[in-house]
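Below: the structure, in C-alpha cells.
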Protein chains: 2
Amino acid sequence: MARVPRSTYHHGNLRQALLDAGRQELRGHGAAGLSLRRVARVTGVSQAAPYRHFDDRNALLAALAAEGFLELHHRFIADDRSEDPPRCRLERLGRTYVRFALDEPALFQLMFSAELDELQARDDTLRSAGEQLYGALQDAVRGLVPDPEQFRVGCASAWSIVHGMALLLLHGRLPADRSCREQLVDAVTAQFALGLERIAADACHGSVAGDGGRRR
Amino acid sequence: MARVPRSTYHHGNLRQALLDAGRQELRGHGAAGLSLRRVARVTGVSQAAPYRHFDDRNALLAALAAEGFLELHHRFIADDRSEDPPRCRLERLGRTYVRFALDEPALFQLMFSAELDELQARDDTLRSAGEQLYGALQDAVRGLVPDPEQFRVGCASAWSIVHGMALLLLHGRLPADRSCREQLVDAVTAQFALGLERIAADACHGSVAGDGGRRR
DNA sequence: AACTAAAGTTAACGCCGTTAACTTTAGTTT
DNA sequence: AAACTAAAGTTAACGGCGTTAACTTTAGTT
C-alpha cells in the first residue's frame with residue numbers, strides 16, 4: 001500500500017489524484033470493494049480530505065463513471081472509420097465496446113451499476129456523458145437502418161447484444177478462453193450486423209418485419 | 001424493521017428463514033446493501049447465528065444466487081411450449097429471461113455479479129445451477145441452428161442480447177417506459193430470432209456466414 | 001499585515017463482517 | 001432415566017468502513 005508523502009500542506013490537485021487512485025482501487029478491488037479511506041491513504045492524505053472534493057463515496061464513483069463514459073466515447077471516435085460502409089462501422093463500434101469492457105472490467109461494471117442509476121438522474125455531467133455515448137451508437141445504427149420504427153428496435157438490439165456479450169465475457173459465462181474470444185466477438189457482431197442489414201433491406205421492399213409473427 | 005421473537009431456543013429452520021429474509025433484503029437494499037446483521041435481526045436471531053449456516057456473507061449471497069438460477073430455470077420450463085416451432089420457443093425463452101430480470105432485479109444482478117464469479121468456481125451447487133440454465137438456452141438455440149459452428153455463435157448471440165436487454169432495461173438505459181417495454185422486448189427478440197433463422201437457412205444452402213464478410 | 005475562505009487534520013459515532021468463548025438444547029448412548 | 005455430545009444459538013470484542021464536527025494550516029485578497 002503505497003503511502004505518498006508530500007511536502008506542502010495543500011496538495012495542489014487532490015481531486016484528480018483521488019480520481020487516479022480511485023481508478024487503481026477499482027482495478028484492484030472492484031467498485032464494491034473501493035474504500036474511500038484507502039483511496040485517501042494511498043493518495044497520502046487524511047481520511048476526511050476527500051470530502052472537500054466529493055460529497056460522499058458515491059460522488060467519487062459517479063465521477064469515475066463519468067470519466068469512463070468519456071473515455072469510451074473517445075475510443076469510439078478514435079476507432080471509427082467514416083469511409084467504411086455502415087455495417088462495418090457498426091461492427092467496429094461493437095468490438096470497441098466489448099474491448100473497453102474487457103480492458104476495464106470494474107470501471108465498465110460501475111458505469112452500469114445499480115448504485116449509479118439514481119445518481120445519473122441528478123448528476124448532469126454523468127447523464128450527459130452517458131447520453132453522448134448512446135448518441136454515437138444511434139448514429140452507427142442509423143446508417144444501417146433508416147426506417148424510424150426499425151431504428152428504435154435496431155438501437156436497442158445493437159446495444160443489448162454488445163452490452164450483454166461484454167458482461168458475459170468478463171464474467172467468464174461464455175465458453176470462450178482468451179484465444180478464441182476475439183473470434184467470438186467478431187462472429188457475433190458480424191452476424192448481428194448482417195441480420196440487421198437484411199431486415200432493413202426487406203423493409204425497403206414493402207414487407208414490415210418486427211412484428212414477430214410467422215413469416216417463413 | 002420487523003423483529004420476530006421466537007419461543008424455542010433453536011429456531012428449527014434458520015437456514016431457509018435467513019434465505020427468505022435475505023431475499024427481502026435483496027429486494028429492499030440490493031446485493032451491495034445486504035447486511036448480514038440486519039438479516040439476522042429481521043429473522044429474530046443474534047448477529048452471529050447466521051455463521052452456523054453460512055461460512056460468510058458471500059456464502060449467503062451464493063445460496064441466494066443459486067435459488068435464483070433454479071427459479072429462472074423453472075420459469076423456462078413452465079413457459080416453454082414444446083409444440084411451438086423453434087423460433088417461437090427461442091423468442092419465448094428470451095421474454096421469460098427478461099421478465100425474470102425485471103421481476104427480481106437485485107437477484108438477477110446478483111446472479112451475474114463480479115463477487116460471485118470466484119465463488120462459482122468453488123461452489124458446485126451454484127455452478128451446476130448456472131450450467132443447467134445455459135443448457136436450456138442451448139436446447140432452444142439448437143432447434144433453430146443445427147450447424148455446430150453457427151450453433152456456438154448463435155448461443156452466445158442469443159444469451160448476449162437478452163442479457164444485455166434485461167440489464168439495460170432494469171437500469172433505465174433504454175428509452176422505454178413501462179408501457180412500451182414489453183413491445184420493445186417482443187420486437188427485439190422477434191427480430192433477433194428471425195435473423196438467426198435466416199442465417200441458419202442460408203448455411204443449409206451452401207453459403208457460410210459467421211465471418212460477416214470482409215474483415216479488415 | 002490582516003483577513004478570509006479553501007483545503008487539510010484529528011477524533012469521534014455508529015454500522016458492518018467476523019471470530020472466540022460461552023450457553024442452551026435435542027438426540028443418542030449407556 | 002441419566003449422562004454425554006454435538007449442533008445451534010448467544011454475547012462481547014476487534015478492526016475497518018463512511019461520515020461528520022471541530023479544529024488548523026495555508027494561499028490569495030484587501
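Proteins come first, then strands; the chains are lettered A, B, ... in the order of their sequence lines, and each starts at number 1. What you see is a predicted model, and the numbers here were worked out from it, not measured in a lab. Just the heavy atoms: all of them, side chains too, but no hydrogens, waters or symmetry mates, feed the values below.
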Practice task
Would you give a per-nucleotide map of nucleotides 13-21 of chain D, 5' to 3', where B means the base has a protein non-hydrogen atom under 4.0 Å away, S means only the sugar-phosphate does, and - means neither?
Solution key: B---BBBB-

Handout entry: Duplex segments of DNA chain C, taken as runs of at least three Watson-Crick or G-U pairs that stay under 3.5 Å
Key = C:1-30 with D:1-30

Handout entry: Between D/dC23 (C1') and A/R52 (CZ): distance, integer Å
Key = 11 Å

Fill in the blank from the handout: Taken to the nearest whole Å, CZ/A/F54 to C1'/C/dA7 is 14 Å

Handout entry: Check ion pair A/R173-B/D117 (N to O, under 4.0 angstrom)
Key = yes

Practice task
Using atom CG of B/L18 as one end and atom P of C/dG17 as the other, report the distance to the nearest whole Å.
Solution key: 13 Å

Exercise for the section: Give a yes/no answer on whether the side chain of A/H53 brings an N or O atom under 4.0 Å of OP1 or OP2 in C/dG8. Expected result: yes

Problem - Presence of salt bridge, A/D103 and A/R75, under 4.0 angstrom - result: yes

Which pairs would a plain distance check flag for residues 13-20 of chain A, meaning a side-chain donor or acceptor within less than 3.5 Å of a matching protein atom at least two apart in sequence or in another chain?
{"residue": "A/Q16", "atom": "NE2", "partner": "A/D20", "partner atom": "OD1", "Å": "3.0"}
{"residue": "A/Q16", "atom": "NE2", "partner": "A/E67", "partner atom": "OE2", "Å": "3.4"}

Handout entry: Test: A/E25 and A/R41 ion pair at under 4.0 Å
Key = no

Exercise for the section: First locate atom CZ of B/F108, then atom OH of B/Y97, and finally report the distance between them rounded to the nearest 0.5 Å. Expected result: 3.5 Å

Problem - Lys/Arg-Asp/Glu bridge criterion (N-O < 4.0 Å) met for B/E182, B/R95 - result: no

Problem - Test applied, side-chain hydrogen bond (donor to acceptor under 3.5 Å, both in side chains); reference residue, B/R92; option that passes from B/D79, B/D84, B/D80 - result: B/D84

Exercise for the section: Output yes when a side-chain donor or acceptor of B/R89 lies under 3.5 Å from a complementary backbone atom of B/A140, and no otherwise. Expected result: no

